[in-house]
Undergrad: 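Structure in structure tokens, see below.
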Number of protein chains: 2
Amino acid sequence: MNDSDAGAGHAAPRKRADARRNERALLDAAAAVFVTSGVEAPIRDIAAKAGVGTATIYRHFPTRADLIIAVYRHQIEALAEAGPALLATGPTPHAALGRWIDLFVDFLVTKHGLAAVLHSDDAGFDTLHAYFLDRLVPVCAQLLEAAAAAGEIRSDLDAYELMRGVGNLCIGVENNPRYDARRLVELLIAGLRRPH
Amino acid sequence: MNDSDAGAGHAAPRKRADARRNERALLDAAAAVFVTSGVEAPIRDIAAKAGVGTATIYRHFPTRADLIIAVYRHQIEALAEAGPALLATGPTPHAALGRWIDLFVDFLVTKHGLAAVLHSDDAGFDTLHAYFLDRLVPVCAQLLEAAAAAGEIRSDLDAYELMRGVGNLCIGVENNPRYDARRLVELLIAGLRRPH
DNA sequence: TCGTCAAACGGGACAAGGTTCCGTTTGCTC
DNA sequence: GAGCAAACGGAACCTTGTCCCGTTTGACGA
């Protein structure tokens, strides 16, 4: 694992040491601030916690979406990889789908405000949107197709719409004890089941 | 119908004529601006359109939630009254519930950004939240109970949670042709049906 | 080791929007 | 018509996102 690069580049020009240090500091600070103040915490707060100026944050992460992606990339990748694994080991495709959606919900509800931001139509979050689309929708589609092929569910709903719906249901779960997103998601998945 | 008061007060001190005029102008302006710019349009824009200063808007509607409520009060009341009516005239309680939820979805998706704001945890929208809770949740509860009593649906979901879920599903429908909230709401309602 | 210079930096400046304050205007009442 | 509280308007202030520019610093060759 390369410190300054995820490994995709051939001739990555190698960043300066202070730049790498700051990037790491920013990621750590952002992760901490996101936990306490949500993913929409003021840029200044994150910069201050990292001990850098505000411009530095923009230099490393042009939009807030880029920062959010960087902070949660590992978890999202893990989620993407969990899909095929569940499908391979689960008793049925439908069970795998249910379990995977559970993991997705867990991820969302533990990240303050992430679900909200994920579905905002603010143009600044296009990158975030695209990333989720690229990484997770195909996985979900695979699970859906397997379950549909097994005859367990109806097949007229596409993965994008399902994920978006699930994501929406997770909005505003924070500090609202009367609202249990998990239960509603369960209902949604139940509604998906093919009547037989 | 009284011009300056919905009729609840006994000794309402009767507002000044200019105050009543401005309130009306603000409501009209807000309604217009909400249509074009959504319910989160800048206060300044609404004030300008109404031809008043920004302080005036705060005087009449202390929070944005109050303004939103005032603008949509008629429609919300109509929605509340439609519940019992549908229950009385519909073929079955479940059909009435479905139809009523449809009306609710129609209301939400035609108001730019209302669904989003309705479920934001911003303290400034507590009033809005409370109003929906007061007016619509009991209606929904009545429909749910009737359907449950008729044995058509499971009875382990309360009205608040259902409405909140439906509202959440309606977030971000604007200018997203790939996402059809109605269909997902349908799924949710389908998931509610008692397996028999 | 030292000089050079582009990379990287920090924080101040600007813009947008929400909210409040305060001096002025305007209806109502007598 | 005078008095006075209600209501007004818009400037001022605060927060937050974003950009700019003068300064610092790490990397590398001499």
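Treat the numbers as computed from the prediction; the structure is a model and nothing was measured.
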Undergrad: Given D/dG26, C/dG18, D/dA7, which nucleotide is nearest the side-chain atoms of B/Pro42?
TA: C/dG18
Undergrad: Ignoring hydrogens and geometry beyond distance, is a side-chain donor-acceptor pair present between B/His129 and B/Arg164 at under 3.5 Å?
TA: yes
Undergrad: For a quick check of understanding: with a heavy-atom distance under 4.0 Å over all strands, which category does A/Ala55 fall into, base, sugar-phosphate or nothing?
TA: base
Undergrad: Rounded to the Å, how far apart are A/Tyr58 OH and C/dC9 C1'?
TA: 16 Å
Undergrad: Specify the residue among B/Ile43 and B/Ala17 whose closest nucleotide of DNA chain C lies further upstream toward the 5′ end.
TA: B/Ile43
Undergrad: Which whole-number value in Å describes the distance from B/Leu26 CG to D/dA7 C1'?
TA: 12 Å
Undergrad: If the plane angle is over 60° it's perpendicular, under 30° parallel, otherwise tilted; pick one for B/Phe107 and B/Tyr72.
TA: perpendicular
Undergrad: When you get a sec, tell me which of C/dG27, D/dC8, C/dG10 is the closest nucleotide to the side chain of B/Asn22?
TA: D/dC8
Undergrad: Taking the side chain of B/Thr54 as its heavy atoms from C-beta onward, which of C/dG27, C/dC9, D/dG10 lies nearest to it?
TA: D/dG10
Undergrad: Atom CZ of B/Phe125 to atom P of C/dG18: distance rounded to whole Å?
TA: 10 Å
Undergrad: What is the distance, rounded to the nearest whole Å, between atom CZ of A/Arg59 and atom P of C/dG11?
TA: 12 Å
Undergrad: Centre of B/Tyr58's six-membered ring, under 6.0 Å away, within 45 degrees of the axis: is that where NZ or CZ of B/Arg64 sits?
TA: no
Undergrad: Mind calculating the distance between CG (A/Asp18) and P (D/dC28) to the nearest angstrom?
TA: 13 Å
Undergrad: Looking at D/dT18, D/dG9, D/dG26, which one has an atom nearest to any side-chain atom of A/Arg21?
TA: D/dG26
Undergrad: Mind checking if B/Gly124 touches a base, just sugar-phosphate, or nothing, with heavy atoms under 4.0 Å?
TA: nothing
Undergrad: Nearest-Å distance, CG (B/Asp122) to C1' (D/dT15)?
TA: 14 Å
Undergrad: Decide yes or no, distance alone: a donor-acceptor N/O pair under 3.5 angstrom between the base of D/dA6 and the side-chain of B/Arg16.
TA: yes
Undergrad: Under 4.0 Å between a side-chain N or O of A/Thr56 and OP1 or OP2 of C/dG10?
TA: yes
Undergrad: Is a salt bridge present between A/Arg183 and B/Glu161, judged by a nitrogen-to-oxygen distance below 4.0 Å?
TA: yes
Undergrad: When the distance from CD of A/Glu40 to C1' of D/dT18 is rounded to whole Å, what number comes out?
TA: 16 Å
Undergrad: Have a look at A/Arg64 and say if it touches a base, only the backbone sugar-phosphate, or nothing, with a 4.0 Å heavy-atom cut-off.
TA: sugar-phosphate
Undergrad: When the distance from CZ of B/Arg44 to P of D/dC14 is rounded to whole Å, what number comes out?
TA: 14 Å
Undergrad: Could you tell me if A/Asn176 and B/Tyr160 have a donor-acceptor pair between their side chains, going purely by distance under 3.5 Å?
TA: yes
Undergrad: Please determine whether a side-chain nitrogen or oxygen atom of A/His60 lies at a distance below 4.0 Å from atom OP1 or OP2 of C/dA8.
TA: no
